[in-house]
Amino acid sequence: MHELTELIRQDMRPALGVTEPGAIAFAAATARKYTEGPIQQIQLELNSGMYKNAFTCGIPGSIQMGNAHAAALGAIGSDPDQGLQCLDGITPEQAQQALELVSAGAVQVTMREITSTIFILATVKTPSGCASVTIRDAHTNIVKITQNDTVIFEKPQTALADHSDTPLIHRYTLKQLCDYVRSVSVEELTFIRQAFTTNYALFEAGLHSPRTTFARYLLAANGGQVFSQNEQKTASLLCNAAIEARVLGLPEPAMSITGSGAHGIIATMPLYAAYKVNGYTEEALLRATALSYLVCMYIKEYSGKLSAFCGCAIAAGTGMACGLVFLRGGSVEQMHCTINNLAGSITGMICDGGNQGCTMKGVVAVDAAWQAVDMAMKNIYIDSIHGINAATPEETMRNMGRIASPGMVGTEKTILDILQEKRSRKEEKTQ
């Protein structure tokens, strides 16, 4: 099997709800497994991106939102063996218990540092003792477990991410990625079908839920049809009804990529729309999606997993746009022009957490991608001499990532200041 196939296979995984609340619940559920008796207190320490992304995010199994509720639900009713789907099966009784725990002030959440590197430290305390779980670098990568201050598991330092090594994806050029998706055996890519099955089920959940609003608007804009003759409107509907369902916490998983359900949705569903509207072959869809994933990964390895810029629109949107060029029979040079068009326009779009705004950002990403591709295919593009664009697509994608990390660290702090000010005002009103 080709190493790029394996890279995609390892990265593509289902996640219930927004990934950050799922990871928080997973950490708390794992810590709870090492305690006995009623829960007295939960303490949660998070890096800035984790804190921000789950701040007002919907949670499966609950009508509540946010970090504290995710931790409480994780400790009370989640199955840690289910990983990022651990919130599946939460009962109304468990949701009520979690609400009571949060309302009593028993869940403490603090932000540890401003960084794009994932960090979670979840501690569960009971009358008989306490346990802590530390997650670092990836959403389910447990690096340490303590029970009553005794370390019972610790991942060797050599097993942690080595940031000095060049990531596998960066050892390839865009041309080499395209050569791979054109030449790899299609049988190697059939596992990608599951992404469309999973994300389409999430789309349908969004379309039929009384809680969604964007989904119904986008359906009406598409003439009341799921699949119309308008490729772009169909793409926006399929993509963004699924994203809305996800941020509301509806009980269907998304197939994530680079640790994000929204990235996975944007990287796949617009291409699925193009496939359905224009009658492309399934083989072409699978190959285009593989390219979409790889370009997304390329940018994300520079920007970091969680940062102040919207990787969903910028990284996944750029990957999806390259996949669309592939479906239309375009060249590597036209992909380069497409990347330039997106780098010079939507780069810098902020991420202010996993919330309803993700849906609107998805709308912008689809519209921008379609325009960028249409123009590039007609030889209309932002020249490489301008702005952050560069002579090669690889360097342009690197520059896109650099805008996020280290470029937007100050922006991340400002966003967090705003969120914490909002939380303080809310707490003052309830006192």
Side-chain angles (χ1 to χ4, degrees), residues 15-33 35 38-80 84 86-114 118-126 130-135 139-140 246-249 251 306 351-356 358 415-431:
L16 187 64
V18 173
T19 318
E20 283 67 52
I24 290 168
F26 169 70
T30 305
R32 173 57 172 161
K33 188 168 70 171
T35 62
I39 297 170
Q40 290 181 319
Q41 189 179 63
I42 301 170
Q43 294 177 339
L44 197 61
E45 295 182 36
L46 306 169
N47 76 295
S48 56
M50 187 67 62
Y51 178 92
K52 175 191 66 180
N53 276 26
F55 189 80
T56 57
C57 189
I59 305 168
S62 173
I63 60 172
Q64 305 303 321
M65 303 181 294
N67 299 303
H69 286 282
L73 283 167
I76 287 171
S78 297
D79 178 5
L84 291 178
C86 66
L87 288 166
D88 190 20
I90 292 291
T91 66
E93 293 76 19
Q94 290 168 334
Q96 180 60 33
Q97 290 173 33
L99 177 59
E100 291 170 0
L101 200 64
V102 174
S103 298
V107 184
Q108 299 177 356
V109 182
T110 57
M111 191 191 76
R112 185 163 176 151
E113 59 183 333
I114 296 178
I118 291 169
F119 178 85
I120 306 171
L121 174 59
T123 302
V124 176
K125 297 182 178 181
T126 70
C130 68
S132 297
V133 169
T134 304
I135 287 174
H139 289 84
T140 57
R246 174 181 171 272
V247 296
L248 288 175
L306 299 172
C351 170
D352 55 354
N355 55 58
Q356 256 191 332
C358 297
I415 293 169
L416 288 159
D417 287 345
I418 292 169
L419 296 182
Q420 290 173 329
E421 288 166 9
K422 288 176 65 177
R423 186 177 73 170
S424 297
R425 286 196 294 269
K426 181 179 178 181
E427 289 172 350
E428 289 171 2
K429 289 180 180 179
T430 58
Q431 291 175 353

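Everything numeric in this text was worked out from a predicted model, so none of it was measured. Basis for what follows: all heavy atoms, side chains included, without hydrogens, waters or symmetry-related copies.
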**Item:** More than 12 heavy atoms from other groups under 6.0 Å of CD on Gln356
**Value:**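 No, because the 6.0 Å sphere around CD of Gln356 holds 12 heavy atoms or fewer from other groups.
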
**Message:** Between Thr134 and Phe119, is the side chain to side chain contact (heavy atoms under 4.5 Å, CB included) condition met? List the steps.
**Reply:** CA-CA 7 Å; Thr134 304; Phe119 178 85; 3.7 Å; yes

Rounded to the nearest 0.5 Å, what separation is found between the [atom1] atom of [X] and the [atom2] atom of [Y]?
{"X": "Ile24", "Y": "Thr19", "atom1": "CD1", "atom2": "OG1", "answer": "11.0 Å"}
{"X": "Glu45", "Y": "Met50", "atom1": "CD", "atom2": "CE", "answer": "13.5 Å"}
{"X": "Leu416", "Y": "Glu421", "atom1": "CG", "atom2": "CD", "answer": "11.0 Å"}
{"X": "Ile42", "Y": "Lys125", "atom1": "CD1", "atom2": "NZ", "answer": "11.5 Å"}
{"X": "Cys57", "Y": "His69", "atom1": "SG", "atom2": "NE2", "answer": "12.5 Å"}
{"X": "Ser78", "Y": "Gln94", "atom1": "OG", "atom2": "CD", "answer": "8.0 Å"}

**Asked** Are the side chain of Lys52 and the backbone of Cys351 linked by a donor-acceptor contact shorter than 3.5 Å?
**Response**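 Flag set: sc Lys52 to bb Cys351 pair under 3.5 Å.
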
Where [X] and [Y] come nearest, the two heavy atoms and their spacing:
{"X": "Ala27", "Y": "Ile135", "value": "CB-CD1, 3.7 Å"}
{"X": "Phe26", "Y": "Thr30", "value": "O-OG1, 2.7 Å"}
{"X": "Leu87", "Y": "Pro21", "value": "CD1-O, 4.4 Å"}
{"X": "Ala122", "Y": "Ala31", "value": "O-CB, 3.8 Å"}
{"X": "Ala75", "Y": "Ala28", "value": "N-CB, 3.9 Å"}
{"X": "Pro60", "Y": "Leu73", "value": "O-CD1, 4.3 Å"}

**Message:** With side chain to side chain contact (heavy atoms under 4.5 Å, CB included) as the criterion, how do Thr126 and Arg32 come out once you've worked through the C-alpha distance, each side chain's angles and the decisive distance to 0.1 Å?
**Reply:** CA-CA 9 Å; Thr126 70; Arg32 173 57 172 161; 3.4 Å; yes

**Request:** Can you sort out the partners of Thr140 under side-chain hydrogen bond (donor to acceptor under 3.5 Å, both in side chains), two or more places apart, ordered by chain and number?
**Result:** none

Going by atom type alone, with no hydrogens or angles, which donor-acceptor pairs under 3.5 Å involve a side-chain atom of residues 96-108 and a protein atom two or more places apart or on another chain?
unit_1: Gln96; atom_1: NE2; unit_2: Glu100; atom_2: OE2; d: 3.2
unit_1: Ser103; atom_1: OG; unit_2: Leu99; atom_2: O; d: 2.8

**Derivation and outcome, side chain to side chain contact (heavy atoms under 4.5 Å, CB included), residues Asn47 and Arg112** = CA-CA 5 Å; Asn47 76 295; Arg112 185 163 176 151; 5.8 Å; no

**Message:** Taking the side chain as everything from C-beta on, heavy atoms only, tell me whether Gln420 gets closer than 4.5 Å to Tyr51.
**Reply:** yes

**Prompt:** Listed by chain and number, what are the side chain to side chain contact (heavy atoms under 4.5 Å, CB included) partners of Asp352, not counting sequence neighbours?
**Reply:**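 Result, side chain to side chain contact (heavy atoms under 4.5 Å, CB included) vs Asp352: Ile350, Asn355, Lys361, Ile415.
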
**Asked** Under the side chain to side chain contact (heavy atoms under 4.5 Å, CB included) criterion, do Glu20 and Leu306 qualify, and how do the steps go?
**Response** CA-CA 10 Å; Glu20 283 67 52; Leu306 299 172; 3.3 Å; yes

